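Data block below; observations after.
Convention: sequence-line order gives letters A, B, ...; per-chain numbering from 1. Quick caveat, the model's predicted, so the values are computed rather than measured.
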Number of protein chains: 4
Amino acid sequence: MEVADKKVALFEAVIALIEDGVDINSLKVSDITNRAGIGKGTAYEYFRSKEEIIIQALFYDVGRRIEKIRRLLRQNMNTRDRIFTIFQWMETDARQKSSFTQLFQMATGSFEFSNSLKEKMDSQEGYCREINEILMAFVEAGVKEGVFRPELAPALQRTALVSQFMSFVLYFHQEEISESVSVEQMKEFLYGNIMKMLG
Amino acid sequence: MEVADKKVALFEAVIALIEDGVDINSLKVSDITNRAGIGKGTAYEYFRSKEEIIIQALFYDVGRRIEKIRRLLRQNMNTRDRIFTIFQWMETDARQKSSFTQLFQMATGSFEFSNSLKEKMDSQEGYCREINEILMAFVEAGVKEGVFRPELAPALQRTALVSQFMSFVLYFHQEEISESVSVEQMKEFLYGNIMKMLG
Amino acid sequence: MEVADKKVALFEAVIALIEDGVDINSLKVSDITNRAGIGKGTAYEYFRSKEEIIIQALFYDVGRRIEKIRRLLRQNMNTRDRIFTIFQWMETDARQKSSFTQLFQMATGSFEFSNSLKEKMDSQEGYCREINEILMAFVEAGVKEGVFRPELAPALQRTALVSQFMSFVLYFHQEEISESVSVEQMKEFLYGNIMKMLG
Amino acid sequence: MEVADKKVALFEAVIALIEDGVDINSLKVSDITNRAGIGKGTAYEYFRSKEEIIIQALFYDVGRRIEKIRRLLRQNMNTRDRIFTIFQWMETDARQKSSFTQLFQMATGSFEFSNSLKEKMDSQEGYCREINEILMAFVEAGVKEGVFRPELAPALQRTALVSQFMSFVLYFHQEEISESVSVEQMKEFLYGNIMKMLG
DNA sequence: CATGAATGAGGGTTCATTCAT
DNA sequence: CATGAATGAACCCTCATTCAT
C-alpha cells in the first residue's frame with residue numbers, strides 16, 4: 001500500500017500540474033516530484049522513466065473517471081437522464097486540460113510523446129475500448145428503451161452521440177459562446193440534437 | 001521575395017515533417033532546415049526562435065487551407081453542395097496529422113508549446129475567427145436559402161455544424177469504423193444529421 | 001564475532017562478483033549487499049564507504065591466498081617442487097579475474113579507484129611486501145639449496161622468478177597459446193627458464 | 001582535416017589526463033573537453049559517447065606507439081640491438097600509466113569499461129595481433145640470425161621474450177628495486193635472461 | 001547574406017549514502 | 001543493531017542558439 005501511495009502521489013502531481021495548465025510535453029521530473037512532495041530520485045524507485053510516470057498518471061486518471069461514469073450510469077434511469085448524467089460528468093470530470101482531453105488527443109493521434117513508447121500507446125486503446133463499450137451500452141439501452149431508432153447501425157448511433165458530447169467540451173473552450181449561451185441551454189440543445197438524430 | 005521564399009521553404013518543411021508523422025514537440029531545428037534544404041543558421045535570419053518557425057508554419061498552412069475552402073465556397077451552390085464541399089476539403093486538406101488537427105488541439109487548449117509564447121497563442125484566435133466567419137456565413141446562407149431554421153441562434157447552428165465536421169475527422173482516426181462504413185456513407189449520415197438538427 | 005561475520009560476508013560477496021566477471025568499477029553497493037544477503041544500510045554499519053568495502057575485500061582475499069601459499073611452502077621441499085607448488089596455487093587461486101589479477105593491476109598502477117583513497121593504496125604495499133618476503137625467502141632457500149647462483153643480487157633473482165610467474169598468468173589469458181600448449185608443458189617450460197636464469 | 005584535428009585534440013586530452021594519473025574510469029567528459037580546450041557539446045559532434053572518445057583515444061595512442069616501435073625495428077640491426085631498442089621504446093613510450101599499460105590490462109581482461117562496448121573490445125585484439133606480429137617477427141629474425149634456438153616453438157620463444165619486457169615495466173613500478181639497480185643494469189640483466197632462455 | 005561548427009544550459013537518470021523505523 | 005525507502009549530487013547527453021568565416 002505504501003508503494004501504491006507513492007505512485008498515486010506522483011500521479012496526482014502529474015494530474016494537478018496538467019490541470020494547472022502545464023503542457024504535458026514540458027513536464028519535468030523535478031516539477032512532478034516537487035509537487036508530489038518527494039525527492040527526485042524517489043520517482044525512479046517506482047518508475048523506470050519520466051514517460052512511464054506521465055503515461056501511467058494519465059491512465060490512472062482516465063481510469064478513475066471512467067469508473068465514475070460507469071458507476072453513475074449503472075443507476076437505473078432513462079436515456080434523457082443518462083445523457084444529462086454524462087453532461088454533468090463532463091462538466092466536473094472531463095473539462096479543460098484534464099486527462100480526458102489528453103486522451104482525446106491520443107485518439108486523434110497527435111500525442112506521440114516518445115517513439116519508444118508506442119507500444120504502451122496501444123494498450124491505451126484499452127481505455128478507448130472501455131469508453132466505446134460504455135457508449136455502445138448506452139446506445140443499446142436507448143434502443144431497448146425505444147427512444148433510439150433500432151435500424152440505425154450502432155456505430156453510427158455512437159458517432160452521433162459522441163459528436164454532441166464533443167460539442168459540449170468545445171463549448172467550454174469557446175469563451176464567446178459560453179458567455180451568450182448558458183450551460184443548461186447548451187445541454188438542452190445538444191440533447192435535442194441527439195434525439196433528432198437518433199430518435 | 002527572396003526572404004519570403006526562405007520563410008516558405010521552412011514552413012513547407014515543417015508541414016511536410018508533421019505530415020510525415022513527426023510529433024510537433026520533437027521537431028528539431030536541424031530537421032526543419034535540412035528538409036528545407038537550407039543551413040541551420042539561416043533559419044535564425046528570418047525567425048527569432050524555433051517556436052516562431054513552427055507556429056508561423058502552422059498558421060501559414062491553416063491560412064492557406066482556409067483560403068482554399070473560402071474560394072471553394074464562393075462558388076454558387078446550395079447548402080448540400082457546400083456541406084459536401086467541406087467534407088471533400090477535409091478529406092484532402094484537413095486529414096491526418098495536418099495542421100488542421102494541430103489547430104483543433106490548439107482549440108482544445110492543450111497545445112501550449114512553451115510557456116513564453118502564450119501571447120502568440122492569442123493571435124491564433126485570429127484564425128479561429130476566420131473559421132468562425134466562414135461558418136457563420138455558411139449558416140447565414142443556409143438560412144437565406146431556407147434550409148436552416150431561422151429561429152435557432154446562429155451560434156447554436158454553428159455548434160451543430162461543427163459537431164458533424166468533427167465527427168468526420170474522428171472517422172478517419174477510428175480504424176474500426178472506417179473499415180465498416182464507407183466514406184460516402186459517412187458523409188451522407190453526417191449530412192443527414194445536420195439537416196435533422198438545423199432543417 | 002558477529003561483526004566479523006558480516007564483514008566477511010560482504011568480502012565474499014565482492015570476491016564472488018568479481019569472479020563472476022563483474023568489473024570492479026561497476027560494482028554497486030546494492031549488488032554487494034544483495035549477494036551477501038544483508039540489507040544495504042547494514043554495510044554502512046561496518047564500513048564508511050563502498051570503496052572501503054571493496055578495497056578491504058581485495059585485501060582480505062589476497063591475504064587469505066597469500067596465507068595459503070605460505071602454508072604450502074612451509075612444507076619441506078626442494079626448489080623444483082616449490083616452483084610447481086606456486087604454479088599449482090596460481091592455477092587454482094590466482095587465475096582469472098581474481099583479486100590476484102586486481103592486485104597485479106594495482107601494482108602496475110592503474111587501479112586508482114578514486115582520488116580520495118590513494119592513502120589506502122599505500123597500505124596495499126603491505127601485501128606487496130608480504131609477497132616480496134615470500135619471494136625473497138624463496139630465493140634464499142634456492143641459494144641455500146645450491147640450485148640458485150649466490151652471486152646474483154636477490155632482487156634480480158626475484159625479478160627473474162616473477163617474470164615466469166607472470167608469464168603463467170598471461171598464459172591463461174591467451175586463448176591462442178593455451179590451446180596449442182598444455183598447462184604441463186608450459187609449467188615445464190617456465191621452470192626451465194627459471195633454472196636457466198638463476199641456476 | 002579540421003575534423004581530424006578536433007578528434008586528435010580530444011585524444012591528446014584523454015592521453016594527457018591518463019598520464020597525469022587520472023583513472024580511466026573516472027574521466028568526465030567535461031574534464032576531457034576542458035583539457036582539449038573545447039566546449040563540452042563539441043565532443044558530441046565527433047563522437048557518439050564518452051566511451052567512444054576514450055576507447056578511440058587509447059587505440060590512437062597505442063597505434064601511434066606501435067607504429068613507432070615498428071619503424072625503429074625496421075632499421076637493420078642484430079638481436080641485441082633490437083632488444084635494447086624495445087627497452088628504450090618502453091622507457092619512453094610505454095612507461096607508467098600510458099595506454100600501453102591500459103592495453104596490458106585489456107589483455108588481462110579486467111578493463112570492462114562498459115557492457116555495451118564489448119564488441120569494440122574485440123577489435124582491440126587487432127592491436128594485440130599487431131603486437132603479436134611484431135614479437136613473432138622478432139623471434140623469427142632471432143632464429144634466422146642464429147641467436148635463438150630454432151627447435152623451440154615460436155609461441156614459447158615469444159612467451160620468454162614478453163616475460164622480460166614485462167619485468168622491465170614492473171621495474172619502473174617498484175621503487176625499491178629501481179633505487180638499488182640502475183636502468184642499464186636491469187636492461188643487461190633482462191637481456192642476459194632472454195639469451196639464456198632462447199640462446 | 002548563408003552557413004554550420006561550437007557552445008553550454010538544461011534535464012533525465014543513477015546510485016552512494018543517510019536515517020527513521 | 002538492521003533495514004531499505006528516500007534522497008540529491010553528479011554526470012552524460014541533447015539541441016536551440018550564436019557567430020566567425
(request) Please state how far atom CD1 in A:Ile32 lies from atom P in E:dT13, giving the value in whole angstrom units. (result) 10 Å
(message) What contact category does B:Ile53 fall into here, base, sugar-phosphate, or nothing, at under 4.0 angstrom with non-hydrogen atoms?
(response) nothing
(message) How long is the straight-line distance from CD1 of A:Ile18 back to CG of A:Leu58, given to the nearest 0.5 Å?
(response) 5.0 Å
(message) Could you work out, with salt bridge (charged side-chain N to carboxylate O under 4.0 Å, His left out) as the rule, every residue matching B:Glu12, not counting sequence neighbours?
(response) B:Arg64
(request) Provide the full list of ring-ring contact (aromatic ring centres under 6.0 Å, His included) pairs with a residue in residues 4-29 of chain B, sequence neighbours left out, each pair given once. (result) B:Phe11-B:Phe47, B:Phe11-B:Tyr60
(request) Take the protein atom CG of B:Asp31 and the nucleotide atom C1' of F:dT14, then report the distance between them rounded to whole Å. (result) 12 Å
(message) Could you tell me how far apart C:Phe47 (CZ) and E:dT17 (C1') are, to the nearest whole angstrom?
(response) 15 Å
(request) Take atom NZ of A:Lys28 and atom C1' of E:dG10, then tell me their distance rounded to the nearest Å. (result) 8 Å
(request) On DNA chain F, check which nucleotide each of D:Ser30 and B:Val29 is closest to and give me the residue with the more 5' one. (result) D:Ser30
(message) Rounded to whole Å, please give me the gap between CZ in B:Arg48 and P in F:dC19.
(response) 16 Å
(message) Tell me the interatomic distance from A:Asn25, atom CG, to F:dT14, atom C1', rounded to whole angstroms.
(response) 16 Å
(message) What does the 5'-to-3' dot-bracket notation of DNA chain E look like when only Watson-Crick and G-U wobble pairs under 3.5 Å count, and pairs to other strands show as |?
(response) .||||||||||||||||||||
(request) Scan for ring-ring contact (aromatic ring centres under 6.0 Å, His included) pairs involving residues 14-42 of chain D, sequence neighbours excluded, and state none if there are none. (result) none
(message) Run the salt bridge (charged side-chain N to carboxylate O under 4.0 Å, His left out) test against A:Glu67 and tell me which residues pass, sequence neighbours left out.
(response) A:Arg74
(request) Could you grab the distance from atom CG of D:Leu27 to atom CD1 of D:Ile54, nearest 0.5 Å is fine? (result) 4.5 Å
(request) Report the distance from atom OH of C:Tyr44 to atom P of F:dT7, rounded to the nearest whole Å. (result) 18 Å
Identify the pairs formed between an N or O of the protein and an N or O of nucleotides 1-5 of chain E at a distance under 3.5 Å, and give each distance.
unit_1: E:dA2; atom_1: OP1; unit_2: B:Lys6; atom_2: NZ; d: 2.7
unit_1: E:dA2; atom_1: OP2; unit_2: B:Tyr46; atom_2: OH; d: 2.4
unit_1: E:dT3; atom_1: OP2; unit_2: B:Gly39; atom_2: N; d: 3.1
unit_1: E:dT3; atom_1: OP2; unit_2: B:Thr42; atom_2: OG1; d: 2.5
unit_1: E:dG4; atom_1: N7; unit_2: B:Gly41; atom_2: N; d: 2.8

(request) Please report the shortest heavy-atom distance between A:Ile15 and A:Ala57, naming the atom on each side. (result) CD1-O, 4.1 Å
(request) Write down the distance between CG (D:Asn34) and C1' (E:dG8), rounded to a whole number of angstrom. (result) 11 Å
Which donor-acceptor pairs under 3.5 Å do the side chains of residues 29-38 of chain C make with protein atoms, sequence neighbours left out?
unit_1: C:Thr33; atom_1: OG1; unit_2: C:Val29; atom_2: O; d: 3.1
unit_1: C:Thr33; atom_1: OG1; unit_2: C:Ser30; atom_2: O; d: 3.3
unit_1: C:Asn34; atom_1: ND2; unit_2: C:Ser30; atom_2: O; d: 3.2
unit_1: C:Arg35; atom_1: NH1; unit_2: C:Asp20; atom_2: OD2; d: 2.8
unit_1: C:Arg35; atom_1: NH2; unit_2: C:Asp20; atom_2: OD2; d: 3.2

(request) Taking ring pair (Phe, Tyr, Trp, His ring centres under 6.0 Å) as the test, write out the residues that go with B:Tyr44, two or more places apart. (result) none
